[in-house]
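Convention: sequence-line order gives letters A, B, ...; per-chain numbering from 1.
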Amino acid sequence: MNVFAEFQTRIAYILSRIIAEDRLPADLDLSRFVVEPPRDPSHGDLATNAAMVYAKEAKASFSNPRQLATEIAYALAQDSDVAQAEVAGPGFINIKLKPEVYSRVLRDALLAGLDFGKPAASGEAINVEYVSANPTGPMHVGHGRGAVFGDALSSLLAFAGKKVTREYYINDAGAQVDLLARSAFLRYREALGESIGEIPEGLYPGDYLKPAGKALADAHGRALLDKPEADWLPLVRGFAIDAMMDMIREDLAALNIKHDVFFSERSLTIKTNGVDAVRSVIDDLAARGIVYQGRLPPPKGQLPDDWEDREQTLFKSTDFGDDIDRPLIKSDGGYTYFASDIAYHKSKIDRGFNSMIDVWGADHGGYVKRMQAAVKAVSGGKASLDVKLCQLVKLMRDGEPVKMSKRAGDFVTLREVVDEVGVDAVRFWMLFRKNDATLEFDLAKVIEQSKDNPVFYVQYAHARGRSVIKQALKAFPGLDVSTAALANANLDLLTDESEAGLVKLIAQYPRQIEAAALAHEPHRVAFFVHELASSFHSHWNRGKDQPQLRFVNEERRDLTCARLALVNSLTLVLASGLAILGVSAPDEMR
RNA sequence: GGCCCCGUAGCUCAGUUGGAUAGAGCAGCCGCCUUCUAAGCGGCAGGUCACAGGUUCGAAUCCUGUCGGGGUCGCCA
């Protein structure tokens, strides 16, 4: 039950009656106004700006917004759930609900359990592509942010009733995987006892390739040593990519992240009937006249020293909102990354996704417009692509940046960080920030189990709630604390203002979920559970000075049950929110 | 130079898609454990929402420009 959504509907109905009387235009967009909690709680439980939003359209029949507001408020006051509806300021309508509405919400939350706040499933298929780190080495912290963000966003959307496919795009087709293969081949020779010396500049020097080299030696003995590169490269490449993907999957598993689909870029360049998927898209677009041969102006600012003005195959992305047309074929005749990316997104569309989200690093920001242009072109405007850019992670320790050696292979891996601070802390910390703001990740702070750390703060609230229920069982042995039983408690006994505040916050959960899912912003869930935890801790502490407010009251079984109902639904909402974030909700923290 | 993101309290950040008197947490100061977990709570102090215009009943939020920080700029991925 979402009281905000319900009143949105009821107010829309009131407006439609006014429309029926020809006092508002028939084509009024009834989704323009909002119903939200007023910033100042003394204003009531709900506030709507409906009268002000439609001020212009109302001019003909109403002398000012307040007059329209007065009429809506009058109609609202007849609603059996409304205690009071009054006009304030320039035309706000403040609504006070009858207490039993909140009893209903609470009962609803208990019975729905972890499904509370879940809207009716729309079943819309949505593809979320995230991580997509190159299969050339272990994941670093920056990858981790995108991974956690994409995973939480997927969970959020799934909770909001979408059919979510979590996808990983393996960049296994570029020059970087050939370098990987050469690097692995060196490790192979090393495993066979050769002294390989320093890894040459440009290859991947990390020790993580040693096991792959060893495995190659075990599988092929000395058979590859004397062959020319052209003969061993595809084999070693495939082998090394598999090894790297296994490693990346392990890194992801350490963060409880799983993908449904691993999509290989290389598979797009495999020919069936003489044509590969990339060629086929280019041909399609060319047939429609939006791929052409032409010249690009040289880039502004500093000119690359190897700039060569030449005619090339261009996609007319300017027709679809991009600033410049984009090349599809490299000077060596291979496809550009963009070309295969068009084929890749077409594959998503062909697989039934009209709604796609890509999670990228901020360094790919310049790529967003062309990709969206391509999706528009390929789908004929039917499909939409939202790109979420995750900003840099600044890794710190005690306020000092963690030094990362320039020499590759010596960076701090995601795995090291997870092992040091734990999954819950990494995930929450990365989600407790908007994706497009840079993230300061201080290992010392993240690991600190204290008030300084929002992870433990929220988890503690959950544990504390569970503990209250345990304590209640001591005072009332055999008490039925199942959600079904608690839903039957006399919830009207929750009359204290601070208790009511908690219930009202719980009532906001469905609305927060809806907004977060709509905006593709999982951080809102993190902030919401934090706020809920804060209100709970605050209320709990009131019981210190005012023992009559404590949850467990040995003389009042009925009151205790009502309060346990509150605590129970509160822990359910915390657990639900934390589950979306992929953070555990422990029953105790000692 | 073009494009994208950011600029809110000393620091790290929220701000319900344009709403009412801009909020948290740290850091600072003053309090609270014979209390269902003090991993907690209450209070004080802290602001020209970078700047200047514009849009309207109403702007931290939208538009234009300026300044500052970051990213990116044919064939890398």
Side-chain angles (χ1 to χ4, degrees), chain A residues 4 34 36-40 43 47 49 52-53 55-56 64-65 88-92 94 132 134 136 171 173-177 265 295-302 304 306-310 312 314 322-327 329-334 336-337 341 361-369 389 391-392 399 432-434 436-440 442 445 448-457 459-461 463-464 467-472 474-475 508 511-512 515-516 518-519 523-524 527-528 530-531 534 537-545 547 550-552 567 588-590:
Chain A
F4 300 93
V34 295
E36 54 188 7
R39 196 157 288 172
D40 184 346
H43 288 150
N49 58 1
M52 287 180 290
V53 167
K56 242 180 221 156
N64 59 45
F92 286 103
N94 291 327
S132 304
N134 284 341
T136 55
N171 298 137
Q176 82 283 358
V177 286
E265 178 185 3
R295 289 170 193 279
L296 283 180
K300 298 271 163 49
Q302 194 151 24
D306 59 344
W307 171 262
E308 167 203 359
D309 187 27
R310 68 180 180 89
Q312 47 189 343
L314 297 170
D322 200 2
D323 310 311
I324 193 168
D325 293 342
R326 306 289 178 177
I329 309 285
K330 295 192 281 188
S331 50
D332 68 3
T336 60
Y337 187 80
D341 233 346
D363 53 341
H364 289 61
Y367 205 77
V368 175
K369 276 189 185 175
L389 297 177
Q391 273 290 350
L392 248 61
F432 200 54
R433 194 116 311 176
K434 257 187 316 207
D436 52 9
T438 54
L439 171 68
E440 210 166 277
D442 193 314
K445 275 188 193 165
E448 190 185 342
Q449 304 207 354
S450 74
K451 58 191 175 173
D452 205 8
N453 196 328
V455 191
F456 299 107
Y457 184 84
Q459 288 183 320
Y460 178 43
R464 183 173 253 178
S467 164
V468 167
I469 292 170
K470 269 183 241 154
Q471 292 298 329
K474 279 186 197 158
Q508 278 194 45
R511 183 172 176 277
Q512 296 288 347
L518 192 70
H523 79 274
R524 295 190 191 208
F527 278 93
F528 180 77
H530 189 263
E531 190 187 350
S534 171
H537 286 313
S538 174
H539 178 66
W540 193 91
N541 267 71
R542 279 194 187 96
K544 189 170 44 181
D545 295 332
R550 295 186 190 172
F551 291 99
V552 180
V567 174
E588 56 178 16
M589 302 179 75
R590 290 199 182 267

task = Please tell me which of Ser467(A) and Asp545(A) maps to the more 5' nucleotide of RNA chain B, matching each residue to the nucleotide holding its nearest heavy atom.
result = Asp545(A)

query = What integer distance in Å separates Lys434(A):NZ from U8(B):C1'?
reply = 10 Å

Distance, P atom - from C6(B) to C26(B), rounded to whole angstrom = 27 Å

inquiry  = Once rounded to the nearest 0.5 Å, what's the spacing between atom CG of Asp436(A) and atom CD of Gln391(A)?
reply    = 7.5 Å

Short side-chain to backbone donor-acceptor contact, Asn49(A) and Val34(A), under 3.5 Å = yes

message = Regarding U16(B), can its base be found pairing with the side chain of Arg524(A) as donor and acceptor, where the two atoms are less than 3.5 Å apart?
response = no

key: Nearest-0.5 Å distance, NZ of residue Lys434(A) to CZ of residue Arg524(A)   = 9.5 Å

ask   = Asn541(A) has an atom CG; how far is it from atom C1' of A39(B), in whole Å?
value = 13 Å

query = Do Leu314(A) and Gln312(A) have side chains that get closer than 4.5 Å, going by heavy atoms?
reply = yes

key: Arg464(A) CZ to A38(B) C1', straight-line distance once rounded to whole Å   = 8 Å

ask   = Given the rule that a pair is Watson-Crick or G-U wobble with both distances under 3.5 Å, how would you write RNA chain B in dot-bracket, using | for pairs to a different strand?
value = (((((((..((((.....[...)))).(((((.......))))).....(((((..]....))))))))))))....

key: Arg39(A) side-chain proximity, nearest of A39(B), C41(B), A20(B)   = A20(B)

Ionic contact status for Lys470(A) with Glu588(A), cut-off 4.0 Å = yes

request  = Determine the interatomic distance between C1' on G74(B) and the same-named atom on U12(B); round to the nearest Å.
outcome  = 40 Å

query = Taking atom P of G70(B) as reference, at what distance in whole Å does atom CD of Glu440(A) sit?
reply = 15 Å

query = Using the P atom in both, what is the distance from G47(B) to C63(B), to the nearest Å?
reply = 29 Å

task = Write down the distance separating the C1' atoms in C49(B) and C13(B), rounded off to the nearest Å.
result = 14 Å

message = At 4.0 Å (heavy atoms only), tell me whether Asn94(A) reaches a base, stays on the sugar-phosphate, or touches nothing.
response = base

Short side-chain N/O contact from Arg550(A) to OP1 or OP2 of C36(B), under 4.0 Å = no

inquiry  = Restricting to non-hydrogen atoms, name the atom on Gly365(A) and the atom on Leu389(A) that form the minimum distance, rounded to 0.1 Å.
reply    = CA-CD1, 3.7 Å

ask   = Is the aromatic ring centre of His530(A) closer than 5.5 Å to the centre of the six-membered base ring of A24(B), with the two planes inclined by less than 30°?
value = no

message = Base, sugar-phosphate or nothing for Ala472(A)? Non-hydrogen atoms, less than 4.0 Å.
response = nothing

message = By the 4.0 Å heavy-atom rule, please label Glu588(A) as base, sugar-phosphate, or nothing.
response = base

task = Would you mind reading off the distance between Arg433(A) atom CZ and C6(B) atom C1', rounded to a whole angstrom?
result = 14 Å

Annotated protein contacts, base or backbone, on nucleotides 72-77 of chain B with a non-hydrogen cut-off under 4.0 Å, one of B, S, - each = S-BBSB

inquiry  = In whole Å, I'd like the distance from the CG atom of Asn49(A) to the P atom of U61(B).
reply    = 18 Å

ask   = Which of the following nucleotides, A20(B), G40(B), A39(B), is nearest to the side chain of Tyr457(A)?
value = G40(B)

key: Gln512(A) vs Phe527(A) side-chain heavy atoms within contact, under 4.5 Å   = no

Reported CZ-to-CZ distance for the pair Arg542(A) and Arg550(A), which is rounded to 0.5 angstrom = 14.5 Å

request  = Kindly say whether Pro37(A) contributes a backbone atom to a donor-acceptor pair with the side chain of Gln508(A) at under 3.5 angstrom?
outcome  = no

query = Which part of the nucleic acid does Ser538(A) contact within heavy-atom distance under 4.0 Å: base, sugar-phosphate only, or nothing?
reply = sugar-phosphate

C1' spacing across the pair G15(B) / A60(B), given as an integer number of angstrom = 8 Å

remark   = Base orientation of U17(B), chi within 90° of 0 counted as syn, else anti, reads syn

Residue Lys544(A), side-chain atoms from C-beta onward, closest of U17(B), C32(B), C36(B) = C32(B)

query = Within the structure, does a side-chain N or O atom of His523(A) lie under 4.0 Å from either OP1 or OP2 of G15(B)?
reply = yes

Aromatic ring pairing His530(A)/Phe432(A), orientation class (parallel under 30°, perpendicular over 60°, tilted between) = tilted

task = Would you mind reading off the distance between Arg511(A) atom CZ and G15(B) atom P, rounded to a whole angstrom?
result = 13 Å

message = Using the side-chain heavy atoms of Ala437(A), tell me which of these nucleotides is nearest: A14(B), C41(B), C6(B).
response = A14(B)

task = Would you classify Ala519(A) as touching base, sugar-phosphate or nothing, given that sugar-phosphate means primed atoms plus P, OP1 and OP2, and contacts are heavy atoms under 4.0 Å?
result = base

inquiry  = Tell me every residue that passes side-chain hydrogen bond (donor to acceptor under 3.5 Å, both in side chains) with Arg464(A), counting only those two or more places apart in sequence or in another chain.
reply    = Tyr460(A), His537(A)

key: Integer angstrom distance from the P of U61(B) to that of U21(B)   = 16 Å

Separation of Arg433(A) CZ from Glu440(A) CD (nearest 0.5 Å) = 8.5 Å

query = Rounding to the closest angstrom, what is the interatomic distance between G54(B) and G7(B) at atom P?
reply = 23 Å

inquiry  = Measuring only the C1' atom in each nucleotide, how far is U48(B) from C44(B)? A whole number of Å is fine.
reply    = 24 Å

task = Between G42(B), C3(B), A24(B), spot the one nearest the side chain of Asp323(A), thanks.
result = C3(B)

query = Phe527(A) CZ to A24(B) P: how many Å, rounded?
reply = 14 Å

ask   = In terms of side-chain heavy atoms of Lys369(A), which of A38(B), C4(B), A20(B) is nearest?
value = C4(B)

